[in-house]
Enquirer: 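Here you go, one structure.
As the structure lists them, so they are numbered: ligands from 1, and atoms in each ligand from 1. None of these values were measured; they are calculated from a predicted model.
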Amino acid sequence: MSSLRGKRIILAVTGSIAAYKAVQLASDLYKAGALVDTILTAEALRFVQPLSFAAITHRLVASDLWTPDPGGGVLHVELAAAADALLVAPATAHTIARLALGLADDLLGCIALSTRAPLLVAPAMESHMYQHPTTQQHLATLRERGAVVIEPGVGHLASGASGVGRLAEPAEILGYLAATLGRTGDLAGRHLVVTAGGTREPIDPVRFISNRSSGKQGYALAEAARDRGARVTLVSSAELPPPVAVQVVRVETAQQMLEAVQAACRDADALLMAAAVADYRVAHPATEKLKKGAAPLTLELVENPDILASVRGPFVRVGFAAETSDLLANAGAKLRAKGLDLIVANDVSARDAGFGVETNRVTLLDASGAEELPLLSKREVAERVLDRVVRLLAERRA
Ligand code: CTP
């Protein structure tokens with residue numbers, strides 16, 4: 001499942017050496033289900049061939065403003081009207097300047113002025129060109145007009161130098177695109193707080209107690225909520241790359257997670273506790289690394305606060321129950337004990353569901369009963385959970 005499925009994306013490629021990366025980007029967009037029409041500027045044609053894009057996207061690739069429209073209209077007008085987003089990647093300093101000034105001297109310039117679809121710009125160039133006040137001013141102009149600027153990364157550049165100016169990675173660009181297209185989704189205007197990962201409870205400065213939670217289900221929830229228009233705060237103890245356009249608060253321990261969740265929930269519409277919070281912590285973590293000795297080591301454990309049970313509020317509260325036996329009875333008991341609106345129960349003893357893997361098989365449980373879902377990707381599980389959250393929010397409003 002992808003929020004890019006069926007979306008009309010104009011991928012505009014301009015004359016940067018990073019143009020070759022746009023081929024991968026076109027492929028990723030295609031695989032995500034997007035309908036990609038490619039525009040190559042005259043300078044882009046020096047680096048890449050139209051055939052590379054046509055073979056991947058199976059759709060229009062054009063460079064010339066005077067290319068006839070396959071439907072008999074005017075090409076730039078038709079493309080502009082049908083587009084869901086205009087993505088310029090890579091965007092050179094020259095193209096950024098042309099977009100900021102509104103120059104309509106080629107196909108891209110005409111589409112940019114004709115379309116009302118959101119504009120996303122992913123710059124790629126040498127550091128000095130990128131950092132030049134002229135380029136920065138043009139980018140500021142585009143941002144002021146509502147464009148999304150996907151910041152370039154830092155690293156090796158075509159000149160051999162190292163610095164800022166590398167085209168953002170395709171996954172990041174797709175993330176921004178999905179977030180932009182989802183701005184008017186069914187969670188627009190909502191603030192969702194999502195937790196993810198297993199907390200780490202220190203034993204000494206180098207060791208900790210934790211669990212097998214990877215954080216993937218929580219991250220899938222955060223991304224899905226973002227792509228449905230929500231503002232998302234992700235309180236995470238997981239070692240995963242931060243999702244774009246999501247506010248990530250990094251924590252380690254249950255106590256830190258409690259404080260971060262309390263702070264984030266002040267204006268939340270929903271809290272989704274996908275994190276596997278350690279129930280116990282070491283009472284007195286050592287300040288120096290423990291050395292092994294002759295005697296057996298005994299750690300005194302004390303109970304951690306129950307975050308979900310203690311953070312109450314007018315917002316929707318969703319729990320997750322990872323069980324190895326008596327799934328529904330255990331999850332139902334947690335639903336009632338913690339006063340939750342919904343609990344997502346999964347049997348983590350199955351090899352294709354739960355910790356670490358890409359899929360999950362869950363049962364959604366609320367006061368009215370249980371809905372057993374089939375084996376789904378974690379993203380699909382996230383969408384089904386969010387469908388319930390949307391419903392719960394609508395009921396509250398009513
Ligand atoms: N949870 C929490 N704080 C804790 C423990 C759990 O907020 N200290 C949350 C989890 O994030 C999850 C839900 O409570 O959403 C259920 O977690 P789980 O560990 O399955 O339940 P526990 O109540 O800790 O019960 P047990 O570990 O005994 O099964």
Side-chain angles (χ1 to χ4, degrees), residues 192-202 208-222 224-225 232-238 240 249-265 268 270-283 301-313 315-350 353-356 360-367 370 373 378 381-382 384-386 388-389 392:
L192 265 60
V193 179
V194 180
T195 66
T199 62
R200 293 176 168 191
E201 310 299 330
F208 54 81
I209 298 174
S210 192
N211 55 63
R212 294 186 191 279
S213 169
S214 64
K216 286 179 180 172
Q217 186 61 72
Y219 276 59
L221 276 162
V232 180
T233 305
L234 176 62
V235 181
S236 170
S237 53
L240 293 172
V249 182
R250 291 228 166 260
V251 295
E252 286 225 336
T253 65
Q255 187 58 40
Q256 289 168 359
M257 186 171 276
L258 171 67
E259 285 159 26
V261 167
Q262 278 171 335
C265 279
L271 166 64
L272 295 97
M273 279 291 304
V277 185
D279 288 323
Y280 294 92
R281 67 178 181 278
V282 177
L301 301 180
V302 291
E303 209 173 329
N304 269 328
D306 189 313
I307 302 172
L308 201 45
S310 61
V311 180
R312 303 263 169 164
F315 45 84
V316 168
R317 289 156 66 249
V318 179
F320 289 72
E323 306 291 346
T324 54
S325 62
D326 298 328
L327 182 66
L328 293 187
N330 282 328
K334 287 173 189 177
L335 175 80
R336 289 182 291 277
K338 304 192 192 202
L340 305 175
D341 297 286
L342 179 73
I343 194 154
V344 182
N346 69 332
D347 179 354
V348 287
S349 63
F355 295 145
N360 217 348
R361 187 184 284 110
V362 305
T363 300
L364 306 181
L365 203 65
D366 64 10
L373 301 183
K378 287 190 171 172
V381 168
R384 302 290 286 266
V385 172
L386 293 176
R388 291 293 199 98
V389 170
L392 285 160

Enquirer: Would you say R250's side chain and V235's backbone share a donor-acceptor pair under 3.5 angstrom?
Expert: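 Answer holds: no.
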
Enquirer: Can you pull the residues with any heavy atom under 4.0 Å from ligand 1?
Expert: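 Ligand 1 pocket, heavy atoms under 4.0 Å: M273, A275, V277, D279, P305, D306, I307, L308, G319, F320, A321, A322, K334, K338.
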
Enquirer: Indicate yes or no for a side-chain donor-acceptor contact from S237 to the backbone of G198 under 3.5 Å, with no hydrogens or angles considered.
Expert: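 A pair under 3.5 Å: yes.
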
Enquirer: Side chain to side chain contact (heavy atoms under 4.5 Å, CB included), that's the test. Do E303 and Y280 meet it? Break it down for me.
Expert: CA-CA 4 Å; E303 209 173 329; Y280 294 92; 4.1 Å; yes

Enquirer: Please lay out, stage by stage, how V311 and L258 fare under the test side chain to side chain contact (heavy atoms under 4.5 Å, CB included).
Expert: CA-CA 8 Å; V311 180; L258 171 67; 4.1 Å; yes

Enquirer: With a 4.5 Å cut-off on side-chain heavy atoms, are P202 and T253 touching?
Expert: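 Touching, per the 4.5 Å side-chain cut-off.
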
Enquirer: Quick one: does any side-chain atom of D341 pair with a main-chain N or O of V316 as donor and acceptor, under 3.5 Å?
Expert: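 Here the side-chain-to-backbone pair does not exist.
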
